[in-house]
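The structure appears below as structure tokens.
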Amino acid sequence: MAKADIPSTYDPRAVEDRWYPYWENGGFFHIGVNPEQKPFCIVMPPPNVTGQLHMGHALDYTLQDILTRWRRMQGYNSLWVPGTDHAGIATQAKVEEQLAKEGTSRYEIGREAFLKRAWAWKEQYGSRITAQLRRLGASCDWQRERFTMDEGCSEAVREVFIRLFERGLIYRDYYITNWCPKCHTTISDIEVEHIEKPGHFWYLKYPFKDGDGHVVVATTRPETVLGDTAVAVHPDDERYAGLIGKMLVLPLVGREMPLIADEYVDPSFGTGAVKITPAHDPNDFEVGYRHGLEQIIVIDKEGKMSAEAGPRYQGLDRYDCRKKIVRDLEAGGYLLKTEDLSHGVGHCYRCNTVIEPMLSRQWFVKMKPLAEQAIEAAKAGDVRFIPERFTKVYLSWMENIRDWCISRQLWWGHRIPVWYCKDCDETIASKKPVSQCPKCGGTDLEQDPDVLDTWFSSALWPFSTLGWPKQTIELAYYYPTSVLVTGRDIIFFWVARMIFSGLAFMNDVPFRVVSIHGMVLDALGRKMSKSLGNGVDPIDVIESHGADSLRFMLVTSNTPGNDLRFNFEKLDGARNFANKLWNASRFVLMNLEDFEPGEQRGQYTLADRWIISRYQNLAEEVTRLLESYELGEAARVLYEFIWNEFCDWYIELAKPRLYGKTTPQDRYTAQSVLTAVLKGTLELLHPFMPFITEEIWQHLPGKGLTVMRASWPVAGKELADPEAERQMEMLMEVTKAIRHIRSEMNVPPGKQLEAYLEAPQAAFRDVLERGTGYIQGLANAKIAIFEALKEKPEQAAHAVTHGAEVFVPLKGLIDIEQEAARLRKELAVLEKDLARVNGKLNNQGFLSKAPADVIEKEKKKENELTGKQTAIRERLSMLVGGNE
RNA sequence: GGGCGGGUAGUUCAGUGGGAGAACGUCUGCUUGACACGCAGAAGGUCGUAAGUUCAAUUCUUAUCCCGCCCA
């Protein structure tokens, strides 16, 4: 390959657009059941079908792609199932927005027409996110792509609903749910975000009916006064002893209601008396239920006061009503005092509107029986969280679980498969449409208008995507899947629900391992959000820096379970790394014109043995780290090997051999080692940076169809060569010492130095002699080696390395005082180290209790430090006289 | 109020019961036959604070302060 053929700056765009179609069209992502192979399977957390790729996706899918590609290369039957989610509220909101722009609404056009529009919307935008996934390099099996509302997934949803219904685990009841007045639907508890907000605590006087005094209640929501049907106190609260059961008169309304006793009340909070509004507060609902209290709905679905609130307040917005009520209470003499109070207020996670707890009739899943198994599975280790601490988060939620409200007052989604008979009120759950009532034979039936929570279908994802409820061979082979990779924000929403669903319907957990990663924050550590406008678009980053750089940046910033900040400096670093690799490869390729891989013709040099040993260590480390899900660390290890060992040392040492300064055999050996190590390293790096590694790999001799299908480098222990590593370290140390002296003494890089190396021990001398060429080349110095210098040069800079002393004669260039100062500085550092080591070795406790190998190590250290100290002291006294 | 995570170089972050690391930034010097998205060298840290366990603590325990997240 001639130099002109390869640009000196890597251009990801030219490369990345080419390889993805090659892989996809080549069928390299597709895999089928093969009993000869071990399966490895990941199901992709499905992104919103009409959404766009954000940084969180980019991280999540990068991690999954790394695992999938790695296992595939390892010979596993590696399947990554892609798919998208219908995202009920989000998608419906988009379509409604569009309708609003056209001056109409879903109510005006009707359900059927609306669904047509929603499907059209899905068709229009449904491929955007999958196209973006392709740009990221995701190696998922697109032939198995699924959608939560496709035929199969919908069947799974109906099947699960019916089965739970028949087992009595799905029921319909009046209950307090979280109503979003803007989205016009109920949402589940975990879809409510509690935001701490400054508010007030109003103290109100509720008089007794008999005119004999009053009780004081405190509330943060005075508008709910209108719906009060009792006041509760703790049964043991002495302040209210004897008053329980007495009737009160509700201010402004005049309703009579009792003072009741309930354990729920915290006597130490506020006045110890709590007003009870069963229709607008979940806790009050429970209390009201226990005491058979009336439930009065005073706020409607728009967030406005209802007719029940009375003519004075009806139609007012709940917050306007609050102001008016406070004024009225004050005027009536009922308001005792107002305190400032910061408290958590529930907001809709979709639209950020304040949630109204509201009594309504909804469908629920009874969670207790399902949760039990899910708790057991985690405790028994059938499903393992990484990092382990997330097990606790999961368990605490599962153990305190409440029933799951699954009906949504939306149109876009899986319609609840339940019909009501208008004649006899029978409720019929059925997989197929029902036209006749099985109880009374009536034909006037109506399907429940609501749809199911989006997470209801996502909960089935690990098995619905593999064909369930059909008993497919895929299901038998790939389930339970190997690992779930997802963000810590959806442990409750999704992970937990998949686990109990899998246990309930597949009799096994959906995945053995849950690998949790953090959130991608902006450079200032804030969540990326639309409202802040601080999001970074992954596609923009791919355009400017390439998908490989984005992936590498994300994975190296990631440590298991922790958040990471997106910063552009790190992204530049990743791009620079890609460029470094590109140029190292370019160098190798430029020197391979005459190279035909074949029989080894020459002897391995020390540098060859060293880099091969380091490479085998690399393969071992990367594999080990991937196995323990430390993907970021694996990437960092690769970075360091490529940059600091392969490029900085090995390539530099190979140069003279390639430029014909040695023998043709040696040139050939250098070519073959360069090629082999580069090729193996590319293979190890491929899961992390798929595009650039494929591009380079394809230029190397001995390539195959694709690096995707190359076999994962196996760490061959026989390639480890500790002796070569030790020797190279010695030579590197001497090289660095000379470079250091050159820099400190301001000797220009172009000027060749002389260096005398004194090594009393034959073994060290031997290493130096054989490595002379290395040092001379890398330090630009002429070397002479001595067992003992007869006459130590006076005008010379000095350094001590492991096994040798270095003298660099600098006649006329050296300032003796300056050199002495430098040596004194080094001596000071040495003495500090020595003091610490000696402190240990003089400590009886240490000698008697520390492990032998640690003591041995300290002794060795002491020896070496003392040796260096002596050498530097001698040198100093020689330079400036014997008074040092 | 309960739980969890973080507090390490100017910045962003790794890491570890036994010699404090990287990247970026800074300083010095370099068109060294792959790379200035580069090369060589350097400076820079009481590892939040206090106590305890230990022969030994940045690492383990406890308390405490600050920041963030989750739950009630």
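The sequence lines fix the lettering, A, B, ..., with proteins before strands; numbering per chain opens at 1. Note that these values count all heavy atoms, side chains included, but never hydrogens, waters or copies made by symmetry. Everything numeric in this text was worked out from a predicted model, so none of it was measured.
Of all nucleotides listed (B:rC71, B:rC35, B:rG18), B:rC71 comes nearest to the side chain of A:F492. Taking every side-chain heavy atom of A:P749 into account, B:rG29 is the closest of B:rG29, B:rG19, B:rC70. You'll find that the side chain of A:E858 is closest to B:rG19, out of B:rG19, B:rC55, B:rC37. Between B:rG18, B:rC37, B:rC24, one nucleotide has an atom nearer to the side chain of A:E569 than all others, and that is B:rC24. Out of B:rC35, B:rG18, B:rC71, the shortest distance to the side chain of A:E652 is found at B:rC35. Here the nucleotide nearest the side chain of A:K527, chosen from B:rC35, B:rC70, B:rG19, is B:rC70.
For A:K857 and B:rG19, the NZ to P distance is 7 Å, given to the nearest whole Å. The interatomic distance linking A:Y650 (OH) with B:rC35 (P) rounds to 20 Å, in whole Å. Nucleotide B:rC70 holds its C1' atom 15 Å from the CD1 atom of A:I490, rounded to whole Å. For A:D853 and B:rA56, the CG to P distance is 18 Å, given to the nearest whole Å. Following rounding to the nearest Å, A:Y639 (OH) and B:rA23 (P) show an atom-to-atom distance of 6 Å. Atom C1' of nucleotide B:rC67 and atom CZ of A:R526 are separated by 15 Å, given to the nearest angstrom. Residue A:F568 contributes atom CZ, which lies 17 Å from atom C1' of B:rA23 at whole-angstrom precision. The interatomic distance linking A:R836 (CZ) with B:rG19 (C1') rounds to 5 Å, in whole Å.
Checked by atom type, the side-chain pair A:D608/A:Y650 shows a donor-acceptor distance below 3.5 Å.
The separation of B:rA63 from B:rG25, taken at their C1' atoms, amounts to 37 Å, rounded to a whole angstrom. Separation of the C1' atoms belonging to B:rG48 and B:rC37 is 37 Å when rounded to the nearest angstrom. Comparing B:rU58 with B:rG19, their C1' atoms sit 14 Å apart, to the nearest whole Å. For the C1' atoms, the distance from B:rU16 to B:rG21 is 10 Å, rounded to whole Å. Rounded to the nearest Å, the gap between the P atom of B:rG5 and that of B:rG15 is 14 Å. Atom C1' of B:rG52 sits at a distance of 25 Å from the matching atom of B:rG45, rounded to the whole Å. Taking atom C1' in both B:rU8 and B:rU59, one finds a spacing of 11 Å when rounded to whole Å. With both ends at atom P, the span from B:rC70 to B:rC35 equals 50 Å, rounded to whole Å.
In this structure, A:P851 reaches the bases: a heavy-atom distance under 4.0 Å links it to at least one base atom across the strands shown. Across all strands, A:K832 comes closer than 4.0 Å to no nucleic acid atom at all (heavy-atom distances). When heavy atoms are screened at a 4.0 angstrom cut-off, A:N843 is found touching the sugar-phosphate backbone but no base atom. Within 4.0 Å of A:Q844, counting heavy atoms only, lies no atom of the nucleic acid at all.
Partner assigned to B:rG17 is none, using Watson-Crick or G-U wobble distances below 3.5 angstrom. Pair assignment for B:rA34 gives none, since no Watson-Crick or G-U wobble pairing has each distance under 3.5 Å. In this entry B:rA50 has B:rU62 as its Watson-Crick or G-U wobble partner, both defining distances falling under 3.5 Å. Under the Watson-Crick or G-U wobble criterion, with both distances below 3.5 Å, B:rC27 is paired with B:rG41. When both pairing distances are held under 3.5 Å, B:rG1 makes a Watson-Crick or G-U pair with B:rC71.
Distances shown here put every side-chain N or O of A:K655 at or beyond 4.0 Å from the OP1 or OP2 atom of B:rU32. Listed pair A:N576 / B:rG38 meets the phosphate criterion, a side-chain N or O lying under 4.0 Å from OP1 or OP2.
Between A:L865 and A:T9, the one whose closest nucleotide on RNA chain B sits nearer the 5' end is A:L865. Comparing A:R488 and A:S848 along RNA chain B, the residue whose closest nucleotide (by nearest heavy atom) sits nearer the 5' end is A:S848.
Residue-environment remark: CD (A:E627) exceeds the threshold of 12 foreign heavy atoms within 6.0 Å. The neighbour count for A:R384 CZ, taken as heavy atoms of other residues, nucleotides or ligands under 6.0 Å away, does not exceed 12.
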Close N/O contacts between protein and nucleotides 58-61 of chain B (under 3.5 Å):
none

Pairwise N/O distances under 3.5 Å, protein to nucleotides 39-43 of chain B:
residue, atom, partner, partner atom, Å
B:rC39, OP1, A:K580, NZ, 2.5
B:rC39, OP1, A:W643, NE1, 2.8
B:rG41, O3', A:H740, ND1, 3.3
B:rG41, O2', A:S743, OG, 3.0
B:rA42, OP1, A:H740, ND1, 3.4

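Per the stacking criterion (ring centres < 5.5 Å, plane angle < 30°), A:Y659 stacks onto the base of B:rG33.
With hydrogens and angles left out, the side chain of A:K849 and the base of B:rG18 share no donor-acceptor pair within 3.5 Å.
Note that A:K655 lies in the cation-pi zone of A:F587, set by a 6.0 Å cut-off to the ring centre and a 45° limit from the axis. Cation-pi geometry between A:R488 and A:W397 is not satisfied (NZ or CZ under 6.0 Å from the ring centre, within 45° of the ring normal).
Of the residues A:F577, A:F688, A:F646, the one that meets the ring-ring contact (aromatic ring centres under 6.0 Å, His included) test with A:Y639 is A:F577.
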Response to the item:
Given protein heavy atoms under 4.0 Å, the one-letter contact record of nucleotides 6-15 of chain B, with B base, S sugar-phosphate only and - none, is simply ------SSS-
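Looking at residues two or more places apart in sequence or on another chain, you find a ring pair (Phe, Tyr, Trp, His ring centres under 6.0 Å) between A:F595 and A:Y668. By the side-chain hydrogen bond (donor to acceptor under 3.5 Å, both in side chains) test, A:N558 pairs with no residue at all, sequence neighbours left out. A search for ring pair (Phe, Tyr, Trp, His ring centres under 6.0 Å) contacts involving A:Y629 returns nothing, not counting sequence neighbours.
Side-chain N or O atoms of A:D403 include one that pairs as donor or acceptor with a backbone N or O of A:M367 at under 3.5 Å.
Salt-bridge check for A:R667 with A:D594: passed, with a basic side-chain N closer than 4.0 Å to an acidic carboxylate O.
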Worksheet entry | Working for salt bridge (charged side-chain N to carboxylate O under 4.0 Å, His left out), residues A:R726 and A:E729 | CA-CA 5 Å; A:R726 268 195 292 276; A:E729 265 158 38; over 6 Å; no
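Across all their heavy atoms, A:Q776 and A:I783 have their closest contact at OE1-N, 2.8 Å. When every heavy atom of A:L658 is checked against every heavy atom of A:Q671, the shortest pair comes out as CD2-CG, 3.6 Å. Summarising the geometry of A:K861 relative to A:V837, their closest heavy-atom pair is CD-CG2, 3.7 Å, with the distance given to 0.1 Å.
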